[in-house]
Amino acid sequence: MSIEKIKISEALHDLMPPEYQDMVEDATYGNQDRGWKDIGESKELIEQHSLCAGCPESIAFRYILASLPAPENTVFVGSTGCTSLVFPMVAVHNIHSLFGNQNAVASGLKRALKIRFPDVEKDVVVLAGDGATVDIGLDYTMQSWFRGEKFTTICFDNELYANTGGQESGLMQKGFVAKMAPVGKLFDKVRLPEIARESGCHYVACLTVSKPNRVEKVLKNAILVAREFGPTYIQLYTPCILEIGKQSMEGLDEMKDSEAIGGRFVFKEYMTDEVKEFLKQKDAEEKDRKKAAKLAAKEAAKA
Amino acid sequence: MSDYKVVPGPEAFLPPAAAMMGIELPDPGEGHIEGRIVPEDEAIEHAARKFLGAKVPTIFPGPQILWHWNESAAIKAACVREMAEILPARLIPMADYRPKYPKINPEVEINPNHPNLTIWHNKIDVCLFVGVHCHQANLALKIIRGGTSCYTMAACGMSGHEDACLTIRDVHEDTLRKLTACIKKLKAEGVKSQAEPFEQFRFSREDRKPAYLT
Amino acid sequence: MNKPVDVQNRVLKGYSNVQIGEKSKYKDTQTYTDPNFLFNEAEVTPAFMTGSEVIKEAIRRANIDLSVAYPITPQSEAAALIGELYAEGYMGDYFRGENEFGVMSQCAGAAFGGARVFTTTAGPGTLRAFENFPMWAGSRLPIQVCVTMRGVNSPLSIQPDTLEMFFLLETGMLIWHAETAQDLFDFILKGFIVAEMPDVHLPIAVCCDGFFVTHTKDTVALPDEKYVLPPYDPYKSPVVCMDMESAPVRMMRDPFVMKSNYISYMTQASWQLEVRAAIERSRKYTKALIGDLIECENIDREIIMIGSGTAVSQAREAIRLLGLDGIPVGLVKIKTLRPFPHEEIAEALKDAKKIFVPEFNVAGYLAREIKAVLPNNDRVVAGPHVAGGMTMPSEVIADEVKKALGMKTSGMTARG
Ligand SMILES: Cc1ncc(C[n+]2csc(CCOP(=O)(O)OP(=O)(O)O)c2C)c(N)n1
Ligand code: SF4
Ligand SMILES: [Mg+2]
């Protein structure tokens with residue numbers, strides 16, 4: 001939303017639930033420096049949700065919402081799954097229509113917003129589970145990449161169908177015993193990051209959500225690259241602690257184990273040479289901007 | 001011609017949509033009272049009388065005027081506030097369309113997915129929807145008619161609502177001012193508000209619980 | 001009805017658009033034109049063209065923002081012609097989707113984002129896309145799909161067959177059935193206006209019989225191409241547009257209402273009723289634009305034929321043949337299946353002694369729909385029907401009547 005539209009009518013301000021008053025006063029819409037460090041310092045764009053206690057999807061959502069470069073001009077597309085229990089609580093417009101069609105919906109949405117707002121960068125971000133991204137929706141995921149659609153796809157990879165009770169998914173590890181995989185999964189975890197790279201994604205990253213600064217950087221990269229070049233893909237390991245039998249405190253350890261050397265989620269990042277150059281330049285610009293801002297603040301303090 | 005009447009409920013376990021019972025929406029310049037098409041002015045006067053005769057008259061402002069997302073929205077919000085003060089009527093916002101049950105506090109909010117909770121909790125006998133998106137307003141109006149005895153009115157910026165007991169359409173600032181003026185006129189003529197004494201809640205960021213005006 | 005709708009004086013009431021009179025955003029040779037003028041007063045000239053070309057001419061004047069295409073006979077030509085319009089600058093975007101499920105989801109995405117969207121499909125494409133249609137309706141997306149109907153069963157057939165319209169009936173969409181090229185042109189343009197009215201705001205399927213309408217040439221009266229429909233206004237929607245430019249900002253389209261309790265069941269049920277109510281609300285706008293939902297000829301006669309689409313054209317010729325044999329027969333043409341003109345049909349058929357329902361599908365579903373709204377429905381003969389691309393010669397329809405009257409038939413039925 002053009003940032004100036006996020007305000008409460010003065011005459012009815014005192015009727016609005018305080019979380020909305022906070023959102024208008026203290027959320028970081030429009031703040032160029034927003035990032036995961038704002039969590040705890042500012043009003044988050046997410047209200048209480050009904051994920052299981054300790055579910056890593058929850059912290060992943062918080063990092064992502066805190067790190068979006070321009071939430072006031074972002075629209076999410078979700079899909080059926082545990083994530084869709086969170087989206088009604090998110091203070092960024094978002095769409096849920098069917099299970100698995102998220103990248104098709106996002107393709108139409110991104111194009112419509114481009115037509116309607118030719119001069120505004122409206123970011124479209126898909127955020128869906130692994131079942132939605134890789135199994136039922138794989139065609140739409142990949143075809144949107146083939147077409148070069150300019151939006152970011154994020155997959156919350158919990159290696160199973162959580163919302164329907166823990167069934168086998170394409171991103172599940174080989175051999176894992178789950179519902180509908182009664183003798184263990186018989187084929188390998190689908191290599192979606194590599195498929196993404198080969199299918200036209202200009203930037204691909206695969207990681208866990210154990211390190212917030214990394215999640216922030218990857219998300220910002222993906223969105224900036226999507227604006228300029230085309231499709232980008234992020235796969236985040238958000239283990240379903242409920243279905244793999246972990247306690248609510250154990251999600252972080254699970255992620256750390258899996259990203260250690262030899263693990264399934266060792267951080268990887270693919271990008272084209274053009275994108276590498278572009279991101280280098282963006283980083284430099286960002287540094288300069290921050291330096292200038294610091295200087296200006298110092299000057300102002302002096303004066 | 002349908003002889004169906006859109007009157008307060010409780011109407012049925014699952015009440016029919018009034019449109020399916022043959023109730024047409026008014027054309028521009030018109031309103032409807034319980035399904036009967038009338039000139040807009042007649043509907044406005046009827047709304048004013050209903051409000052003044054109510055024990056717990058309540059206005060439900062929706063997102064389209066709660067948010068200052070365009071200039072007209074902010075002006076309408078001021079018009080609604082004025083109307084509430086003159087009546088007097090309670091103001092209970094419909095700030096969210098996401099289902100909030102069982103977390104809802106029915107004293108201070110209404111939700112299109114379970115509006116009956118707010119009606120029951122506050123014993124609201126006459127209400128006005130204003131600034132609620134038509135789809136969500138219709139959901140709420142149907143549910144209220146299904147399970148409560150509240151008289152519902154809808155001031156709609158678009159085509160009006162046949163699921164309300166009374167509607168006016170194409171509502172803009174002047175329409176709201178007209179309704180307020182009509183309330184004032186009736187009061188001047190000696191029609192007394194039957195509203196029970198109440199305290200309008202007020203929220204601040206500091207105090208997460210409603211602070212009541214004294 | 002609490003208020004009779006005036007169909008004589010066909011003026012669309014309650015339509016407003018501040019951009020009327022402005023130059024089109026896409027083609028500056030076109031001007032946003034008040035629908036009342038465009039449909040009632042604008043000068044028209046006759047043109048002789050195929051149904052596919054008619055779809056193109058309607059879309060040229062429809063000011064759509066976006067169209068998504070996927071080939072399937074018999075709509076491929078129309079979809080490709082819309083691509084030509086895109087190349088000429090008549091719309092904001094156009095592309096080929098990966099399959100019809102994808103196409104309809106892409107249409108949904110664009111409509112969620114506030115665009116006017118048009119697409120076409122047929123037969124297996126309609127079924128491949130199916131999960132989207134009730135989603136469109138529940139999400140109040142006023143997308144228009146032109147369905148050029150063809151067979152859907154195995155074995156594969158590309159030939160005309162109207163079974164898919166039956167499947168569409170309870171999706172919550174508006175379903176209109178064009179008989180002729182002129183109907184097709186009018187229904188497409190008028191369909192946008194009705195579907196986008198704030199109190200309707202539903203998807204619409206403008207259906208026509210594949211090949212019979214798409215691939216034959218017919219004369220259509222076309223208004224000048226300098227006229228174009230005013231743009232869709234997404235802020236006159238009954239739901240929030242997903243563009244981050246409209247309140248409220250915390251908004252999911254559409255949140256789940258599936259906690260296991262009475263309250264959420266009631267919300268779901270009321271939501272479904274609201275979609276049905278919106279279909280009902282379309283009646284008055286539809287009548288203002290396309291006239292009565294049924295068209296009647298000689299309904300004072302004891303025998304009446306009733307149908308929709310090209311079955312009506314065939315019935316008309318059958319009635320002429322029967323007339324030559326001294327058998328007077330009346331005719332009722334149904335233009336909209338959703339909303340279903342139940343009162344109109346009951347009134348038109350109240351004195352009929354025998355009612356025939358010719359149909360291009362194996363199920364005879366239209367006869368069932370009609371039986372459901374008539375007293376003494378043993379008057380209804382569910383037929384004749386053909387399927388799978390068979391033609392329905394007028395003689396076969398006439399024979400059905402003669403058979404029922406105990407008369408000698410032409411023997412056409414035996415020809416196979
Ligand atoms: C067409 C269709 N098929 C199946 C389902 C049932 N379904 C709902 S959520 C879900 C699994 C979601 O898995 P995933 O995308 O991995 O998300 P998670 O719940 O694990 O976060 C399934 C199979 C559905 N809603 N729609
Ligand atoms: S089921 Fe699994 S993925 Fe879903 S909320 Fe619970 S822990 Fe998270
Ligand atoms: Mg999963």
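Remember, it's a predicted structure, so these values are computed and weren't measured experimentally.
- Ranking C:Asn99, C:Val240, C:Val117 against chain A, the residue ahead of the rest is C:Asn99, based on heavy-atom pairs under 4.5 Å.
- The only member of C:Met104, C:Met135, C:Glu131 that meets side-chain contact (heavy atoms from CB on, under 4.5 Å) when paired with A:Asn101 is C:Met135.
- The greatest number of non-hydrogen atom pairs below 4.5 Å with chain C, out of A:Leu113, A:Val105, A:Val124, is found for A:Val105.
- Between the side chain of C:Arg253 and the main chain of A:Ile95, no donor-acceptor pair closer than 3.5 Å is present.
- Put simply, OH on C:Tyr232 and CZ on A:Arg116 are 8.5 Å apart, with the number rounded to the nearest 0.5 Å.
- Within residues 82-91 of chain C, no residue has any heavy atom under 4.5 Å from a heavy atom of chain A.
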Chi angles and distances behind the salt bridge (Lys or Arg N to Asp or Glu O under 4.0 Å) call for A:Lys122, C:Asp243: CA-CA 8 Å; A:Lys122 293 266 179 193; C:Asp243 59 2; 5.8 Å; no

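- Most heavy-atom pairs under 4.5 Å with chain A: of the set C:Val68, C:Asn132, C:Val103, this distinction falls to C:Asn132.
- Per-residue heavy-atom pair counts under 4.5 Å with chain C were compared for A:Gly78, A:Pro118, A:Pro88, A:Ala112, and the maximum is reached by A:Pro88.
- Of the atoms belonging to C:Asp254, it is backbone heavy atoms, and not side-chain ones, that fall under 4.5 Å from chain A.
- Among A:Glu47, A:Lys114, A:Lys110, the residue with the largest count of heavy-atom pairs under 4.5 Å with chain C is A:Glu47.
- The most heavy-atom pairs under 4.5 Å with chain C, out of A:Met23, A:Arg111, A:Gln143, A:Gln102, come from A:Arg111.
- Shown here for C:Asp65 and A:Ile115, the closest heavy-atom pair between the two residues is O-CD1, 3.4 Å.
- Residue C:Met252 comes nearest to A:Asn94 through the heavy atom pair CG-OD1, 3.0 Å, listed as atom of the first residue, atom of the second, then distance.
- Note on A:Ser107, A:Gly100, A:Ser97: by heavy-atom pairs under 4.5 Å with chain C, the leading option is A:Ser97.
- From C:Met244, atom CE reaches atom CD1 of A:Ile6 across 5.0 Å, with rounding to the nearest 0.5 Å.
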Using ring-ring contact (aromatic ring centres under 6.0 Å, His included), reason through A:His96 and C:Phe256 one step at a time and then give a plain yes or no. CA-CA 9 Å; A:His96 169 273; C:Phe256 295 3; 4.6 Å; yes

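- The backbone N or O of C:Gly113 lies less than 3.5 Å from no partner atom in the side chain of A:His93, so there is not a single donor-acceptor pair.
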Pair A:Arg147-C:Glu98, salt bridge (Lys or Arg N to Asp or Glu O under 4.0 Å): steps then yes or no: CA-CA 10 Å; A:Arg147 284 194 303 268; C:Glu98 53 273 62; 3.0 Å; yes

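- Within residues 19-33 of chain C, the residues approaching chain A closer than 4.5 Å by heavy atoms are, in numerical order, C:Lys25, C:Tyr26.
- For A:Phe146, no part lies near chain C; criterion is any non-hydrogen pair under 4.5 Å.
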